Amino acid sequence: MRKVLVIGCPGAGKTTFACQLAQKTGLPLIHLDYYYHDKPKDYYSEKNKAAWRDQVLKLTKPDRWIIDGNYSTTFPERFEAADTIIFFDFPLRLRLYGIFRRRLQFRKKKRYDMPEGWQEKITWEFFKFVWNFEAYRPKITNVLDSNSKKKVITFKKRSDVRRYLESLKPA
């Protein structure tokens, strides 16, 4: 395991897991949210999709990393570069619990995985994405199926995550 993607719905615990995995393995950790939400770069705009893809390609160049985040527009590049893909495939109730817990936890604090100026919030669009993630899920599973030569680990519940982390030997 040298190049690891951690993907799944918001609220599933990807970032927390990625931090713990980085501690256990010694692999450098990259939070895509940090780069995407960097306001001066404005990756939200249609004209900057190519710039976002270029940024992600730069992030995948080193020979060791953990990359935490979905951003399906860059799945092809990241899946190609990765040797291990970890998919958080949690049920809706756990995802909703996760986003509301995070909102309360970082209500008046900056998240460690976000750029300066970021404020934790739950917009209607974000809530709908989490609520309707099942419709988005096939996009992930199709890409996972087409990357059969990669090591794929799927977590369906928090106890699976805990057991996996406990099974790893420290770096």
Side-chain angles (χ1 to χ4, degrees), residues 1-37 56-57 59-106 109-114 120 122 126-127 129-171:
M1 214 171 39
R2 297 180 59 75
K3 296 180 177 186
V4 183
L5 291 182
V6 180
I7 61 172
C9 186
K14 297 180 307 293
T15 300
T16 300
F17 169 81
C19 290
Q20 293 169 339
L21 185 63
Q23 285 179 333
K24 286 267 193 173
T25 62
L27 292 170
L29 177 56
I30 299 165
H31 299 289
L32 287 185
D33 281 349
Y34 178 88
Y35 292 91
Y36 188 80
H37 295 290
V56 170
L57 285 171
L59 295 171
T60 62
K61 287 289 183 220
D63 62 351
R64 299 176 66 239
W65 42 255
I66 297 169
I67 295 180
D68 155 39
N70 262 344
Y71 301 98
S72 64
T73 59
T74 62
F75 274 175
E77 295 81 2
R78 290 185 292 133
F79 279 54
E80 175 68 27
D83 59 44
T84 305
I85 303 161
I86 299 175
F87 176 36
F88 278 68
D89 191 15
F90 282 13
L92 176 62
R93 65 181 165 71
L94 290 178
R95 300 186 316 251
L96 290 175
Y97 173 78
I99 64 169
F100 287 114
R101 191 177 114 229
R102 181 174 64 203
R103 172 66 176 100
L104 291 173
Q105 180 181 358
F106 293 103
K109 295 185 253 177
K110 179 191 169 299
R111 268 176 43 194
Y112 51 86
D113 61 321
M114 299 302 275
E120 188 65 33
I122 299 175
F126 180 70
F127 179 81
F129 177 76
V130 173
W131 185 268
N132 295 315
F133 190 76
E134 295 308 314
Y136 176 76
R137 188 180 172 279
K139 185 172 190 170
I140 293 175
T141 56
N142 288 340
V143 177
L144 290 174
D145 291 345
S146 67
N147 281 273
S148 59
K149 293 180 180 160
K150 310 286 180 174
K151 180 177 183 179
V152 175
I153 300 166
T154 301
F155 295 131
K156 297 220 175 248
K157 50 191 176 181
R158 297 207 192 281
S159 59
D160 294 341
V161 175
R162 241 183 334 274
R163 272 194 298 280
Y164 179 78
L165 286 168
E166 289 168 358
S167 75
L168 295 176
K169 294 178 175 79

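Fair warning: this is a prediction, and the values are worked out from it, not measured in the lab.
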- In this structure, CD1 of Ile99 is separated from SG of Cys9 (nearest 0.5 Å) by 7.5 Å
- Message: Determine whether a donor-acceptor pair (N or O, by modelled atom type, separation under 3.5 Å) exists between the side chain of Arg158 and the backbone of Ala12.
- Response: yes
- Are Phe129 and Phe126 close enough that their ring centres sit under 6.0 Å apart? no
- Query: So do Thr141 and Asp89 actually touch side chain to side chain, heavy atoms under 4.5 Å?
  - Reply: no
- Message: Given 3.5 Å as the limit, does a donor-acceptor pair link the side chain of Lys14 with the main chain of Phe88, or not?
- Response: no
- Message: Counting only heavy atoms from other residues, nucleotides and ligands, does the tally under 6.0 Å from CD of Glu80 exceed 12?
- Response: no
- Message: Please check if the number of heavy atoms outside Phe79 that lie under 6.0 Å from its CZ is greater than 12.
- Response: yes
- Message: Just verifying a value: how many Å separate Asp33 CG and Asp68 CG, rounded to the nearest 0.5 Å?
- Response: 6.5 Å
- When the ring planes of Phe17 and Phe155 are compared, do they come out parallel, tilted or perpendicular, using 30° and 60° as the limits? perpendicular
- Gap between atom CG of Leu27 and atom CG of Asp63 - 0.5 Å precision: 10.0 Å
- Message: Between Arg95 and Phe90 (side chain of the first, backbone of the second, donor and acceptor by atom type, cut-off under 3.5 Å), is there such a pair?
- Response: yes
- For Leu92 and Val130, which heavy atoms make the closest approach, and how far apart are they? CD1-O, 3.8 Å
- Start with the C-alpha gap between Leu59 and Leu32, add the side-chain angles, then the distance that decides, and say whether side-chain contact (heavy atoms from CB on, under 4.5 Å) holds. CA-CA 9 Å; Leu59 295 171; Leu32 287 185; 3.8 Å; yes
- Task: Taking all heavy atoms of His31 and all of Thr15, pick out the closest pair and write down the distance.
- Result: CE1-CG2, 3.6 Å
- Task: Apply salt bridge (charged side-chain N to carboxylate O under 4.0 Å, His left out) to the pair Lys3 and Asp83, showing each step before the final yes or no.
- Result: CA-CA 5 Å; Lys3 296 180 177 186; Asp83 59 44; over 6 Å; no
- Looking only at non-hydrogen atoms, find the nearest pair between Ile85 and Ala82 and report the distance. CG1-CB, 4.4 Å
- Where is the tightest heavy-atom contact between His37 and Tyr71, given as atom of each residue plus distance? NE2-OH, 3.5 Å
- Item | Side chain proximity check, Ile30 to Tyr35, heavy atoms < 4.5 angstrom | yes
- Message: side-chain contact (heavy atoms from CB on, under 4.5 Å), that's the test. Do Phe87 and Arg137 meet it? Break it down for me.
- Response: CA-CA 10 Å; Phe87 176 36; Arg137 188 180 172 279; 4.2 Å; yes
- Query: Hey, what do you get for CD (Gln23) to CG (Leu165), rounding to the nearest 0.5 Å?
  - Reply: 10.0 Å
- Query: Do Leu21 and Ile86 come close enough that some side-chain heavy atom pair is under 4.5 Å?
  - Reply: yes
- Message: Which heavy atom of Ala81 sits nearest to which heavy atom of Trp65, and what is that distance?
- Response: CB-CZ2, 3.8 Å
- Message: So, taking the atom named CD in Gln20 and the one named CG in Leu168, what distance separates them when rounded to the nearest 0.5 Å?
- Response: 10.5 Å
- Query: Taking side chain as C-beta onward, heavy atoms only, is Thr60 less than 4.5 Å from Glu77?
  - Reply: no
- Message: Just to verify, which of Arg162, Arg163, Lys156 counts as forming a salt bridge (charged side-chain N to carboxylate O under 4.0 Å, His left out) with Asp160?
- Response: Arg163
- Heavy atoms of Lys139 and Ser72 approach each other most closely as NZ-OG, 3.3 Å
- Kindly determine whether Leu96 and Trp131 satisfy side-chain contact (heavy atoms from CB on, under 4.5 Å), including the steps that lead there. CA-CA 8 Å; Leu96 290 175; Trp131 185 268; 3.7 Å; yes
